[in-house]
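Working notes, structure below.
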Amino acid sequence: MQLFKSVVRGVGGYLPPKCVKNIDLEQSLATTDTWIVERTGMKQRHVIEDNQNTSDLASEAAKIALAHAGINACDIDLIVVATVTPDHPFPATAARVQAKIGASKAFAFDVNAVCSGFIYALSVADQYIKTGMAKRALVIGADAMSKIIDWNDRATAVLFGDGAGALVLEAVDASNEDYDRGVLSTHLFSNGSCYDLLYVDTANASNKQAGHVKMQGREIFKYAIKLIGEAVEAVLKNNSITVDDIDWFVPHQANLRIIEGISVHFKIPMKKMVVTVDRHSNTSAATIPLALWEAVNDGRIQKNQKVVLEAMGGGLTWASALLKW
Ligand code: ACO
């Protein structure tokens, strides 16, 4: 029996101030603004400073989400950070966030599911809340992809940006009027046999070089259309709903052509898709909470509306979720 539901109480986002436009990349790479816009829809991306880390992005997003929720950091029981760019191999970036925001009673750990990471983290936090093990949770997607990009590789360097987004979840029981809201379902999938289509190669300790993103872009593109389609099918079927019942689709922002492909396949009007890829590029685990933050702030996403999240990323991993906001 499900005792509690996870209701969203707050959302926050943070983008580092430095903004790199496509024409800036033309200076250092054999690329053009036209190629990037036509192939990806991306026009710019935000990039972290050398002295900043993923936990700095995550902490800023968390503070904004907590303020939006009207909840103090010391009342948070659980922090889950989805990231592939932790400050250090250990401890978890979530532990650094816990210290930075003063969430002294929270237990904290990271989840790595690459671009699907936010939905995985949401699902993990939801399980703790449903069972009563946590009453309030911070779910954060945060990545500093600029730290693991080979800035000389035009095939990947133009695609990514840095940022963080966060949700505050709170447990409500069946006596609460919000019990029909919150996280209605999550659907997680993995296929590790395709890991070599998108991975980070091993860091080179002798010359202190970080590992870099390696991607077979065309193959990943094909998988993205197929697997995101499967994830959307799963969320619709599991909840016995159709596309018409959904108010907003918040897709992972890897490429505008992938988002448009899903829109055409499922006959979802593009005006129902929350799109940030043009301004944020692919911020990995942060794309979905950043898009939620934007659409809540500008008034598109309203209380009681149904919102579908979907993503696909390295692993391969893919995932979807249905929220009643
Ligand atoms: N500027 C100019 N030319 C370029 C660039 C660039 N930045 N990058 C590649 N090219 C060239 C290639 O060298 C190739 O040249 P050639 O024809 O002479 O060999 C040509 O452009 C076409 O390259 P493709 O890789 O076939 O281009 P494609 O149309 O597939 O677009 C892209 C590439 C944008 C990467 C696309 O495949 C894509 O979006 N893939 C999916 C990425 C994705 O979804 N990632 C999600 C997961 S990310 C995560 O999990 C962290």
Side-chain angles (χ1 to χ4, degrees), residues 20-45 54 82-86 111-121 141-164 188-192 194-201 210-231 251-262 275-278 280-288 290-291 309-319:
V20 176
K21 298 195 179 294
N22 292 349
I23 49 165
D24 300 324
L25 295 172
E26 288 180 4
Q27 312 305 312
S28 54
L29 289 167
T31 192
T32 62
D33 175 51
T34 308
W35 191 96
I36 301 169
V37 172
E38 284 179 356
R39 300 288 175 129
T40 71
M42 296 167 184
K43 295 178 183 158
Q44 61 178 45
R45 69 284 300 140
T54 297
T83 188
V84 290
T85 52
V111 162
N112 176 340
V114 200
C115 295
S116 312
F118 182 76
I119 302 178
Y120 271 65
D143 269 309
M145 296 301 283
S146 63
K147 291 192 187 266
I148 56 168
I149 284 166
D150 176 355
W151 284 98
N152 297 312
D153 174 19
R154 69 178 182 174
T156 51
V158 304
L159 302 176
F160 295 98
D162 301 337
L188 312 182
F189 309 91
S190 307
N191 178 0
C194 297
Y195 86 95
D196 55 342
L197 297 180
L198 178 56
Y199 68 103
V200 172
D201 63 0
H212 289 135
V213 174
K214 304 287 172 192
M215 181 170 77
Q216 296 181 38
R218 200 172 282 183
E219 285 303 305
I220 288 286
F221 190 96
K222 286 187 221 153
Y223 272 109
I225 297 282
K226 177 174 178 292
L227 300 179
I228 291 170
E230 282 180 25
H252 172 51
Q253 314 276 323
N255 188 321
L256 185 59
R257 289 189 292 141
I258 296 175
I259 297 172
E260 289 171 342
I262 296 299
V275 175
T276 58
V277 67
D278 52 331
H280 302 173
S281 296
N282 181 353
T283 56
S284 187
T287 66
I288 289 175
L290 275 169
L309 317 180
E310 49 88 335
M312 178 266 182
L316 297 176
T317 58
W318 59 108

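In each ligand, atom 1 is the first atom listed, and ligand 1 is the first ligand listed. Keep in mind that this is a model prediction, so the values were computed, not measured.
- Of all the atoms in ligand 1, the ones that sit under 4.0 Å from a non-hydrogen atom of C115 are 47 (C), 48 (S), 49 (C), 50 (O), 51 (C).
- Closest to atom 24 (P) of ligand 1, if we only count protein heavy atoms, is R218 NH2, 3.8 Å.
- For ligand 1 and L198, the ligand atoms under 4.0 Å from any heavy atom of the residue are 47 (C), 48 (S), 49 (C), 50 (O).
- Atom numbering of ligand 1 starts at 1 in the shown order; those under 4.0 Å from a heavy atom of A155 are 8 (N).
- In terms of N/O distances under 3.5 Å, ligand 1 is approached by R154.
- Nearest protein heavy-atom contact of atom 1 (N) of ligand 1 is T31 OG1, 2.7 Å.
- Residue A254 has at least one heavy-atom neighbour below 4.0 Å for each of these atoms of ligand 1: 43 (C), 44 (O), 45 (N), 46 (C).
- Looking at V84 against ligand 1, nothing comes within 4.0 Å, counting heavy atoms.
- Proximity of V114 to ligand 1 is established by a heavy-atom distance of less than 4.0 Å.
- For E219 and K222, the salt-bridge test passes: some basic side-chain N is under 4.0 Å from an acidic carboxylate O.
- Under a 4.0 Å criterion applied to the non-hydrogen atoms of G314, ligand 1 contributes the atoms 50 (O).
- Which parts of ligand 1 touch A30 is read off a 4.0 Å heavy-atom cut-off, strictly below it: atoms 1 (N), 2 (C).
- Residue I258 approaches ligand 1 through these ligand atoms, each under 4.0 Å from one of its heavy atoms: 44 (O).
- In this structure, the protein non-hydrogen atom closest to atom 33 (C) of ligand 1 is W35 CH2, 4.0 Å.
- Heavy-atom proximity to T40, at under 4.0 Å, picks out these atoms of ligand 1: 34 (C).
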| message | Run the side chain to side chain donor-acceptor pair (under 3.5 Å) test on T83 and D143 for me, step by step, so that the C-alpha distance in whole Å, both residues' side-chain angles and the decisive distance to 0.1 Å come before the verdict. | response | CA-CA 6 Å; T83 188; D143 269 309; 2.9 Å; yes
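- Partner of T156 under the side-chain contact (heavy atoms from CB on, under 4.5 Å) criterion, chosen from I148, L198, V213: V213.
- Taking each heavy atom of V114 and G314 in turn, the nearest pair found is CG2-O, 3.3 Å.
- Taking the side chain as every heavy atom from C-beta outward, L290 and T276 never approach each other to under 4.5 Å.
- Distances from atom 37 (O) of ligand 1 to the heavy atoms of G217, A311, G313, G41 put G217 nearest.
- Distance check for atom 51 (C) of ligand 1: a protein heavy atom is found below 4.0 Å.
- Where the criterion is an N or O separation shorter than 3.5 Å, residue side chain and backbone included, N255 meets it with respect to ligand 1.
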